[in-house]
Peer 1: 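Provided herewith is a single structure, encoded as structure tokens, for subsequent inquiry.
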Amino acid sequence: MAQTYDHQVVEAKWQAHWTQTGLFQVTESATTPKYYCLEMFPYPSGRIHMGHVRVYAIGDVVARYKTMRGFHVLHPMGWDAFGLPAENAAIEKGVHPNVWTQDNVAYMKQQLRRMGLSYDWDREVNTSHPDYYRWNQWIFLKMVERGLAYRKRSAVNWCPSCETVLANEQVLAQEGKDGGVCWRCESVVIQKELEQWFFRITHYAQELLDGCDRLTSWPARVLAMQRHWIGRSQGVEIDFPVADPADDLTAIRIFTTRPDTIHGATFMSLAPESPLVEQLIAGRTEAGPVREFVQRVSRLDKATRTAADREKEGIFTGAYAINPFTRERIPIWVANFVLYEYGTGAIMAVPAHDQRDFEFATQYDIPIRLVIQNPEGTLAPEALDSAYEEQEQAGVLVNSGTFSGLFVPDGKQAIGEHVEAQGWGTRTINFRLRDWGISRQRYWGTPIPMLYCEHCGLVPVPENQLPVVLPEDVPFTGKGGSPLKESPSFAKTTCPTCGGTARRESDTMDTFVDSSWYFLRYCSPKDTGQPVNPEAAKHWMAVDQYVGGIEHAVLHLLYARFFTKVLRDLGLTTVDEPFVHLLTQGMVTKETYWCEDHRWVLPSETRKEGGQRLCSQCGKAIVIGRTEKMSKSKKNIASPEDLCDRYGADTARLFSLFAAPPEKDLEWSDTGVEGCYRFLNRVWRLVYEQLPLMGEVNSKSGSESSELLAKLQRATHHTIQKVTEDLERNFQFNTAIAALMEFVNELYKLWKDYPSDALTVNERAGWRSAIESLLLLLAPFAPHLTEELWETVGHSSSIARQSWPVFNPELVASVEWTIPIQVNGKLRSKVRVPAGSTKDQVIATAQSDAKLMEWLQGETPRKVIYVEQKLVNFVI
RNA sequence: GCGAGAGUGGCGGAACUGGCAGACGCGCAAGAUUUAGGAUCUUGUGGGUAACCGUGGGGGUUCAAGUCCCCCCUCUCGCACCA
């Protein structure tokens, strides 16, 4: 190998070598502990970007480090290969989604190999392959059996022009239009009732919530988001009798978390979608206007309707209810802000103590009655300018009959009990979490394995007929609903029960289903009899370290937790939670360049002139914009391929890990990358320059000491300690790398200070030990370069298979201490004392220090503080 | 509004349980080498002539505060009518 560092040659050599020797293939082992390191698998969009480089570099260092620490590490990779972009490519370019996807997979796999990632590619999964998605179908059938998958009508976003369901994030707001528009054709999106398949995630709501308490190695904000999403609240359901009931609707049930305020309920509100509305208005003069209101409101898509700043609106139904506590007649309204899906779809309205009700009552002149008084007793109903919602301080019930005088928590308790005793209702718990709607009217996803038989109705596809495979012969027009409906070979089939004609379900599953259990599939990726082999799962699960983006804080991570519990209940795994440690890495950002004529421009479209950056097209001054997440539209992307060409994968990895701690945003800097490249070159040169000195010596020989040897040993062992501690303490890669840089700086200094032609055998051994430790510590970060140099210094087995170096605390200890001397807390001097000096010895040395005497001016200190090995502080 | 997090040199960032603020890298400056540029190496680099001043601002605790306590400001992200 050449004496200059040629990253292209080195990286290609070792990537080929690793593949040929199967270095990263792993099997279950009883002799060493297991470690499961996982990064979120990518969507095969076509090219990897810097975000991928960062997350996979993080995971790879973890996997390589744990391997060197003696674990057998499962470190797999695969493809989240179903999804809409493939179908769009088919519509726009006429490429079949499968071809498009598998081409992308092949390209990106080669890109990942170029990064030198230590994956066991034998375990690769691809969710768009029937061998994978058949198990989605299998799990679905098991969930149907257990009542965890079911069908119901529900409102969805529907584009009438594209004839398809849209996800909430595919509905865009557009100015001047009341409601959202389709992202593709800009038609106004409507709400449509459709039969949809749901997973009963709410069955596990309480367990999912309780589990958050045990996920102590997850970021607090992810847990906060999950807890909020699950949204447990404790309250009471109460029947309000309808006054003068016309038909069999005698009472309306509401849910409230504030039963203590019930005496202040001066009206009721129903959700516009509630079927009760029609029952109440039948035959009344209000019927026409109310229907009009309901239609107008329910046409709006959800995002628009639930925007917080949306004005409160409502209409009186003409009907009255009886407040069971006050026996008063109160009007029943329909209000746009009441959600049909939450609670009972009806509320009691207490304007004095609920801000929404307050605004509504003020707008429509409905009486406001104060029933909670503040501790100072200063609230008056006519003087309220907002609702008094305080529950923490000692609010007291007033105007509440026999309950007056109770504090709020006691009032809640007493009124809740009274409601139950009277048989008016029950105390209940409500969750914000809704069941998970998984139906998608799309082609490129897992077919839902159900049939509609003319005689038998809904029939599951028998297990032995799985997989239900996606047909190839379908048109992609972007119109006419799901392409699967257009495939006769797919849509028409026979009923497995009666043999009659049947129609296949044409909906496919949400792609979040695929990623909800892939981590289990990696344990036994080739099992043909079940989604996961329970023995393999028992060996590998749970994932010890999961690394991925914060954008999945709720959806993916919640669904994966849900599936883990379902598969546990099916006997396939024994763990309750899939991911023990979670690391959410920050975004990769870069500064943006803005030209007022040419908008965002690439750095290469600018030139520097006299310290100013100018647009190379028009010569105008460039405005350096905010540092933002890399995106094509802002033209602030850096290309992983260019980076690997110019500097190599080791540099790319090193910079991604060095420039910021993993969980924070990483600001891209081309000069910073060069700095890392320089560092690797320095390591390379150092090894080659030391090579003649390391020749024939065995690194363990002799015992005689010398100043150089002591310094080499101290630097070496101190670095081992620092790097190890930084990795053990939350994977602080940036400071670990900084320690390695310091080590290299120190070694260059020692090489300069101690002439190499006069070294003893022991000193040569010390050099060898220092260089080898450096390579071992650097190996997880820069695997190619260290493999090459490891071979150069005379080893034949891979550095990835070596043991992590161990530090000797005795060698870390220095022979003397430098102790800062303070006077009144300010640094005034420093003294050197022999290591191991006692408090009195250190103080004595300090007091004889000339600089200190100047500061003390002959005064006797009132107090002397000594912190062991840290400092002395004289207080005068 | 609620929740989470962050404010430290020209820049990215260090400082684990209160104990030398600014590790490491970038940038910048000077020097060496080189015909030159580049690369490389060496040295220096918070501000201030100085006493001193410096971790968003203001108070406090302490021998000692970036770190602990109280009040305030700014920014980022997430959620947002869930009764």
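Sequence lines set the chain letters: A, B, ... in the order given, protein chains first and strands last, and positions in each chain run from 1. Remember, predicted model here, so these are calculated numbers, not experimental data.
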Peer 1: Identify which nucleotide among B:A80, B:C16, B:A83 has an atom closest to any side-chain atom of A:Arg432, counting heavy atoms from C-beta outward.
Peer 2: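 Closest of the options to the side chain of A:Arg432: B:A80.
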Peer 1: Is a side-chain N or O of A:Tyr677 found less than 3.5 angstrom from the main chain of A:Gly672, in a donor-acceptor match?
Peer 2: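 No, the answer is negative, given that no donor and acceptor are paired below the 3.5 Å cut-off.
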Peer 1: Provide, to the nearest angstrom, the distance between the CG atom belonging to A:Leu727 and the C1' atom belonging to B:C16.
Peer 2: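 Spelled out: CG on A:Leu727 to C1' on B:C16 is 14 Å.
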Peer 1: Determine if the base of B:G22 is syn or anti; take syn to mean the glycosidic torsion is within 90° of 0.
Peer 2: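 Anti conformation for B:G22.
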Peer 1: How far, in whole Å, is B:C73 from B:A23 if one measures between their C1' atoms?
Peer 2: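 The same atom, C1', in both gives a distance of 30 Å.
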Peer 1: Measure the distance from CZ on A:Phe358 to C1' on B:A83 and round it to the nearest whole Å.
Peer 2: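 It works out to 17 Å between those atoms.
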Peer 1: Could you pull out all donor-acceptor pairs under 3.5 Å where a side-chain atom in residues 253-260 of chain A meets a protein atom, sequence neighbours excluded?
Peer 2:
| unit_1 | atom_1 | unit_2 | atom_2 | d |
| --- | --- | --- | --- | --- |
| A:Arg253 | NE | A:Asp239 | OD1 | 3.1 |
| A:Arg253 | NH1 | A:Glu237 | OE1 | 3.0 |
| A:Arg253 | NH2 | A:Asp239 | OD2 | 3.2 |
| A:Thr256 | OG1 | A:Arg258 | N | 2.9 |
| A:Arg258 | NE | A:Asp260 | OD1 | 3.2 |
| A:Arg258 | NE | A:Asp260 | OD2 | 3.4 |
| A:Arg258 | NH2 | A:Asp260 | OD2 | 2.9 |

Peer 1: How far, in whole Å, is B:U61 from B:C70 if one measures between their P atoms?
Peer 2: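 Nearest-Å result for B:C70 against B:U61 at atom P: 15 Å.
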Peer 1: Specify the separation, in whole Å, of atom CE of A:Met225 and atom P of B:G5.
Peer 2: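 Distance, rounded to whole Å: 13 Å.
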Peer 1: Between C1' on B:U76 and CG on A:Asp665, what's the gap in Å once rounded to a whole number?
Peer 2: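 In whole Å, B:U76 C1' and A:Asp665 CG are 8 Å from each other.
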Peer 1: Is the positively charged end of A:Arg432 above the ring of A:Trp229, judged by distance under 6.0 angstrom from the centroid and angle within 45° of the axis?
Peer 2: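 Yes, a cation-pi geometry.
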Peer 1: Between P on B:C79 and CD on A:Gln226, what's the gap in Å once rounded to a whole number?
Peer 2: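 For the pair A:Gln226 CD and B:C79 P, the rounded distance is 13 Å.
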Peer 1: Expressed in angstrom and rounded to an integer, what is the separation of A:Glu667 atom CD from B:G10 atom P?
Peer 2: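 Whole-Å distance recorded here is 16 Å.
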Peer 1: Any donor-acceptor pair under 3.5 Å linking the side chain of A:Gln869 with the backbone of A:Trp817?
Peer 2: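 Not a single qualifying donor-acceptor pair exists.
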Peer 1: Let me spell it out: for each of A:Arg729 and A:Ala220, pick the nucleotide of RNA chain B with the closest heavy atom. Which residue's pick is nearer the 5' end?
Peer 2: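 The residue mapped nearer the 5' terminus is A:Ala220.
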Peer 1: Cut-off 3.5 Å, side chains only: do A:Gln822 and A:Arg828 have a donor facing an acceptor?
Peer 2: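 Note: A:Gln822 and A:Arg828 side chains miss the donor-acceptor criterion.
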Peer 1: When you compare B:G59 with B:C11, how far apart are their C1' atoms, in angstrom units rounded to a whole number?
Peer 2: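 Taking atom C1' in both B:G59 and B:C11, they lie 32 Å apart.
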Peer 1: Out of B:A80, B:G13, B:C81, which nucleotide sits closest to the side chain of A:Ala660?
Peer 2: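 Given the options B:A80, B:G13, B:C81, the side chain of A:Ala660 is closest to B:G13.
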Peer 1: Provide, to the nearest angstrom, the distance between the CZ atom belonging to A:Phe337 and the C1' atom belonging to B:C81.
Peer 2: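 Rounded to the whole Å, the gap is 7 Å.
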Peer 1: Rounding to an integer number of angstrom, what distance separates B:G18 and B:G66 when you compare their C1' atoms?
Peer 2: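 Taking atom C1' in both B:G18 and B:G66, they lie 10 Å apart.
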Peer 1: Please report the distance separating the P of B:C68 from the corresponding atom of B:U74, rounded so that it comes out in whole Å.
Peer 2: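 Rounded to whole Å, the distance is 22 Å.
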Peer 1: Which nucleotide, in any strand shown, forms a Watson-Crick or G-U wobble pair with B:C20, with both distances under 3.5 Å?
Peer 2: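 Result: none.
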Peer 1: Distance between the C1' atoms of B:C81 and B:U67, in whole angstroms?
Peer 2: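 That atom pair is separated by 41 Å.
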Peer 1: In whole Å, measure the gap between the P atoms of B:A83 and B:G7 for me.
Peer 2: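 34 Å, rounded to whole Å.
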Peer 1: Going 5' to 3' through nucleotides 17-29 of chain B, assign each nucleotide B (protein heavy atom under 4.0 Å from a base atom), S (under 4.0 Å only from sugar-phosphate atoms) or - (no protein heavy atom that close).
Peer 2: --BB--BBSSS--
Peer 1: Do A:Asn745 and A:Arg682 have a side chain donor and acceptor closer than 3.5 Å?
Peer 2: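 Short answer, yes.
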Peer 1: Could you give the NE2-to-C1' distance, from A:His228 to B:A80, as a whole number of Å?
Peer 2: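 About 7 Å, once rounded to whole Å.
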Peer 1: Tell me whether A:His353 contacts the main-chain N or O of A:Tyr388 through its side chain, where contact means a donor paired with an acceptor under 3.5 Å.
Peer 2: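 Pair found, side chain donor or acceptor close to backbone of A:Tyr388.
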Peer 1: Quick one about A:Thr428 and A:Thr426 (side-chain donor to acceptor, distance below 3.5 Å, no hydrogens or angles considered), yes or no?
Peer 2: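 Note: A:Thr426 and A:Thr428 side chains miss the donor-acceptor criterion.
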Peer 1: From B:A15, B:A14, B:C52, pick the nucleotide closest to the side chain of A:Arg828?
Peer 2: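 Within the option list, the nearest is B:C52.
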